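Report on the following structure.
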Amino acid sequence: MMSVEVLRTENLKSYYILDIFGKKKVIKAVEDVSISIKENEIYGIAGESGCGKSTLLKAMFAAVEPPQRIIGGKVIYRDNGKEYDVYHISEEERKKFRWHFISYVPQGSMSVLNPVMKIKEIFKDFIETHTKGKTKEEIYEIAESHIRDLGLPSGILDAYPHQLSGGMRQRITIALATVLSPKVVIADEPTTALDVVTQRGVIQLLKDIQALKRNTIIIVTHDMGVHANMADRIAIMYAGRIIEEASTEEIFENPLHPYTRYLIYSIPKFGDKKKRESAPGAPPSLSNPPSGCSFHPRCPFAFEKCREEVPPLKEYKVGHKVACWRVEEGENATA
Amino acid sequence: MPLLEVRNLTKIFTIGNVFSRKKVIAVDNISFDVEESEIFTIAGESGCGKTTTAKIILGFEEATSGEIVYKGKRIDHIHHRERRELLKEMQAVFQNPFSTFNPLRKVDRYFYETLYNLGIADTKEKADEIIKEKLAAVGISFEEFVEKYPNEFSGGQLQRISIARALLTNPSILIADEPVSMVDASLRMSIVNLFKDLKDKYGVSVVYITHDLTTAYYISDRIAIMFRGSIVEIGPAEKVLMEPRHPYTQLLKESVPEPDPNRKWNTRINLSETEQSEYLRQGCKFSGRCPKAMEICKRESPPYFDVGGVKVKCFLYKD
Ligand SMILES: Nc1ncnc2c1ncn2[C@@H]1O[C@H](COP(=O)(O)OP(=O)(O)O)[C@@H](O)[C@H]1O
Ligand SMILES: Nc1ncnc2c1ncn2[C@@H]1O[C@H](COP(=O)(O)OP(=O)(O)O)[C@@H](O)[C@H]1O
Ligand SMILES: [Mg+2]
Ligand SMILES: [Mg+2]
């Protein structure tokens with residue numbers, strides 16, 4: 001399949017620079033991330049909390065506010081065959097991309113809907129702020145047809161946020177983020193605080209949107225079950241870096257990084273009581289990451305090189321990239 | 001004799017102010033037993049009454065009606081002193097380990113305090129010995145534990161420490177309310193395995209409260225599925241989860257996303273818009289969403305029917 005790129009990062013680095021009583025503290029939340037996301041795909045990002053997933057999304061959406069900073073690298077948007085280096089254009093130009101080309105459903109956004117506004121007013125406000133020259137009637141019409149397209153009950157437009165269940169509020173934030181038909185939708189943990197049945201409704205909605213609008217969805221969650229159900233490709237993030245990337249089938253059938261293997265093999269399944277083990281130890285601190293491969297203190301296979309050098313993310317098989325010295329050695333041994 | 005019996009437990013909360021009062025039946029006439037050396041799971045979605053049930057068992061909340069019986073003796077309405085004695089045998093593990101410990105107090109202080117106050121140890125040597133033993137059971141070394149504040153541990157480590165603390169009194173039963181839902185997926189199984197070890201090695205019973213059916217399947221002997229205050233299905237975990245009978249249990253199980261891209265969902269579901277309406281519903285509370293609802297379900301609340309060793313609260317199994 002020929003796939004066209006819609007967004008990519010090149011050696012992206014984004015840190016939090018904090019000043020604590022005059023002492024500088026640097027949190028290396030995104031370290032040297034290069035990913036290429038295609039038109040019309042669902043791209044999943046997995047990893048435990050604090051590994052830098054939200055930081056990466058904010059950097060891709062170009063909504064970076066102090067103490068977060070872009071330390072190096074690029075974020076490129078591709079729109080109508082043209083490339084835009086997002087951090088090298090003016091804020092004016094950058095604004096034009098927001099919500100029209102790329103949109104973002106932040107973590108926990110369902111709890112920030114304005115409680116004193118009806119859903120329809122929230123839509124009106126949003127559309128008014130981000131488009132020009134539309135009458136009130138036209139705006140309501142856009143909101144209504146969008147809600148209808150997504151299969152949500154049209155009655156919700158007249159409701160206040162508190163009258164709706166958490167799952168419905170989450171679906172409304174997703175509807176809002178997609179109302180201007182962006183090419184790329186970023187959703188940060190859209191199902192995390194939800195019950196399984198409600199979660200399933202949200203996943204159903206995201207898949208419907210993708211099928212309807214033929215856009216790209218970047219979804220972050222630590223739930224591998226959600227990824228298995230939705231994503232076309234998955235990136236595994238650990239301590240600020242992408243340590244493995246492949247198609248969803250490949251990640252689940254042939255995980256190569258020891259961390260990914262723990263992630264996948266530790267999930268219990270119905271009808272199988274085989275003992276499941278978590279990765280030993282605890283995730284590292286991003287202000288003082290371990291030398292070499294950041295997983296080495298927890299890795300049962302670590303050897304000298306892992307403690308000294310950071311393994312590069314390398315493609316060992318078409319479409320399957322891993323950052324692991326053991327995989328590299330194995331490759332060299334069989335070559 | 002079961003270790004713990006919950007009989008006809010009901011809890012009604014009154015919400016609102018003097019002008020508009022509403023009643024929420026958070027727990028609606030539920031009964032179950034927990035045997036010695038058994039992992040009993042209470043599973044269900046948020047708001048179904050799990051925490052309220054746990055709090056009443058632990059004596060943190062008073063029941064509206066019903067009885068809690070421990071080793072044959074009623075323990076709802078006991079005096080403060082008896083309650084303190086009882087807490088040696090019945091310990092709690094909560095969802096958020098960071099809220100269990102004061103952030104400004106070193107974690108080891110809680111351990112010494114418990115041991116001295118309850119008269120389990122009277123010297124530092126004896127206390128250290130007990131602490132080392134309990135930490136070993138949860139896989140934490142004494143050296144990495146002493147003289148540290150809560151925020152010096154990861155969530156997974158601190159949850160294991162809070163379990164070690166619960167073990168100090170050699171309890172017979174642990175009431176664990178969503179003990180892994182705040183722990184990262186990659187560390188979750190280390191905690192879940194711990195409960196299994198405690199049961200296998202020390203004969204501890206566990207009431208494992210969760211919304212996660214796969215870990216429930218992995219560790220529990222028996223399970224109760226709750227929906228809007230009622231237990232809708234109860235029996236051996238193997239039967240309830242491998243061949244769920246109640247349409248709600250079926251929906252719940254089917255909605256767990258499987259970590260297998262070859263088994264994506266291919267059916268669609270309907271969702272309730274609000275939760276309140278279901279709590280107040282007449283008849284079976286699931287009837288509004290149930291694909292198999294009949295006329296009677298909307299009028300009457302179903303009794304339990306015995307289906308091959310599983311009790312199911314559903315009219316589909318009448319006769
Ligand atoms: N506003 C902030 N200020 C300082 N540190 C932050 C801020 N936001 C996140 N961090 C830190 O950056 C790291 C990555 O965080 P985040 O990107 O939110 O991770 P994830 O989304 O994977 O849970 C963590 O160590 C977190 O504590
Ligand atoms: N103190 C309280 N006052 C009023 N309502 C409450 C209180 N505690 C719980 N509830 C209500 O009781 C129901 C059950 O809650 P809870 O036992 O916390 O469920 P779960 O632990 O399964 O999520 C919910 O509808 C909740 O809003
Ligand atoms: Mg995040
Ligand atoms: Mg609860």
Side-chain angles (χ1 to χ4, degrees), chain A residues 46-51 151 153 155-156 159 163-168 171 191 193-201 203-204 207-208 222-231 247-249 251-253 259 262-264 266-283, chain B residues 44-48 139 144 153-158 181-193 196 211-219 237-238 241-242 244 248 251-265 267-278 289:
Chain A
E48 56 207 337
S49 65
C51 74
I156 59 171
Q163 294 173 310
L164 304 168
S165 66
M168 188 54 86
R171 284 181 289 164
T191 64
L194 304 174
D195 283 313
V196 286
V197 179
T198 315
Q199 161 172 293
R200 187 170 162 195
I203 294 170
Q204 193 169 285
K207 281 182 168 173
D208 286 351
H222 58 259
D223 187 332
M224 294 305 284
V226 171
H227 282 305
N229 241 285
M230 284 194 71
S247 71
T248 303
E249 283 75 15
I251 284 277
F252 281 92
E253 270 159 34
Y259 176 69
Y262 272 117
L263 265 192
I264 289 170
S266 71
I267 310 170
K269 288 183 182 163
F270 294 118
D272 178 0
K273 292 227 166 116
K274 187 170 81 210
K275 181 144 197 212
R276 308 278 171 175
E277 304 270 10
S278 294
Chain B
E45 297 184 278
S46 60
C48 71
E144 64 180 323
F153 298 100
S154 70
Q157 279 175 317
L158 201 61
S181 42
M182 293 194 49
V183 175
D184 260 303
S186 73
L187 300 174
R188 201 165 282 174
M189 292 316 289
S190 65
I191 310 262
V192 173
N193 285 328
K196 205 168 182 160
H211 59 256
D212 177 8
L213 290 189
T214 51
T215 57
Y217 175 79
Y218 180 79
I219 60 162
E238 188 68 37
L241 294 174
M242 291 316 288
Y248 176 67
L251 171 70
L252 201 58
K253 184 189 171 194
E254 221 194 294
S255 297
V256 175
E258 288 203 52
D260 181 351
N262 301 313
R263 305 190 51 178
K264 297 184 188 181
W265 296 308
T267 55
R268 302 180 65 86
I269 53 158
N270 290 320
L271 290 164
S272 69
E273 276 163 50
T274 68
E275 285 144 27
Q276 283 302 325
S277 59
E278 281 187 342
R289 278 195 278 160

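For clarity, every value in this text was computed on a predicted model and none was experimentally measured. Just so it is clear: chains get the letters A, B, ... in the order the sequence lines come, proteins before strands, and each one is counted from 1.
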Between A:K273 and B:Y217, does the side chain to side chain contact (heavy atoms under 4.5 Å, CB included) criterion hold? Intermediate values first, please. CA-CA 8 Å; A:K273 292 227 166 116; B:Y217 175 79; 3.8 Å; yes
Do B:N193 side-chain atoms and A:R276 backbone N/O form a donor-acceptor pair below 3.5 Å?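 Yes: the side chain of B:N193 pairs with the backbone of A:R276.
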Short side-chain to backbone donor-acceptor contact, B:S255 and A:V197, under 3.5 Å: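 Answer holds: no.
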For the [atom1] atom of [X] and the [atom2] atom of [Y], what is their distance to the nearest 0.5 Å?
X: B:Y218; Y: A:K275; atom1: OH; atom2: NZ; value: 6.0 Å
X: A:M224; Y: B:D260; atom1: CE; atom2: CG; value: 11.5 Å
X: B:R263; Y: A:F252; atom1: CZ; atom2: CZ; value: 13.0 Å
X: B:D212; Y: A:I267; atom1: CG; atom2: CD1; value: 10.5 Å

Interchain contact, [X] with chain B, by part (heavy-atom threshold 4.5 Å):
X: A:A231; result: backbone
X: A:P280; result: neither
X: A:D223; result: side chain

Report the option among [options] that has the most heavy-atom pairs separated by less than 4.5 Å from atoms of chain A.
options: B:I191, B:N262, B:L213; result: B:L213
options: B:Q157, B:H211, B:E254; result: B:E254
options: B:V192, B:T215, B:L187, B:L241; result: B:L187
options: B:S190, B:S154, B:G44; result: B:S190

Under 4.5 Å from a heavy atom of chain A, the part of B:E258 involved: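 Backbone only.
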Report the C-alpha distance between B:K264 and A:I203 in whole Å, list the side-chain angles of each, state the deciding distance to 0.1 Å, and finish with yes or no for side chain to side chain contact (heavy atoms under 4.5 Å, CB included). CA-CA 11 Å; B:K264 297 184 188 181; A:I203 294 170; over 6 Å; no
Measure across B:M189 and A:E277 and return the closest heavy-atom pair with its distance rounded to 0.1 Å.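 That closest heavy-atom pairing would be CB-C, 4.4 Å.
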Do you know which of A:P283, A:S49, A:A279 has the most heavy-atom pairs with chain B at a distance under 4.5 angstrom?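 Of the options given, most contacts go to A:S49.
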Contact leader toward chain B among A:G155, A:S266, A:G271, where contacts are heavy-atom pairs under 4.5 Å: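 Highest number of heavy-atom pairs under 4.5 Å: A:G271.
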A:R200 side chain near B:P257 side chain, heavy-atom distance below 4.5 Å: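 Counting from C-beta outward, A:R200 and B:P257 never come under 4.5 Å.
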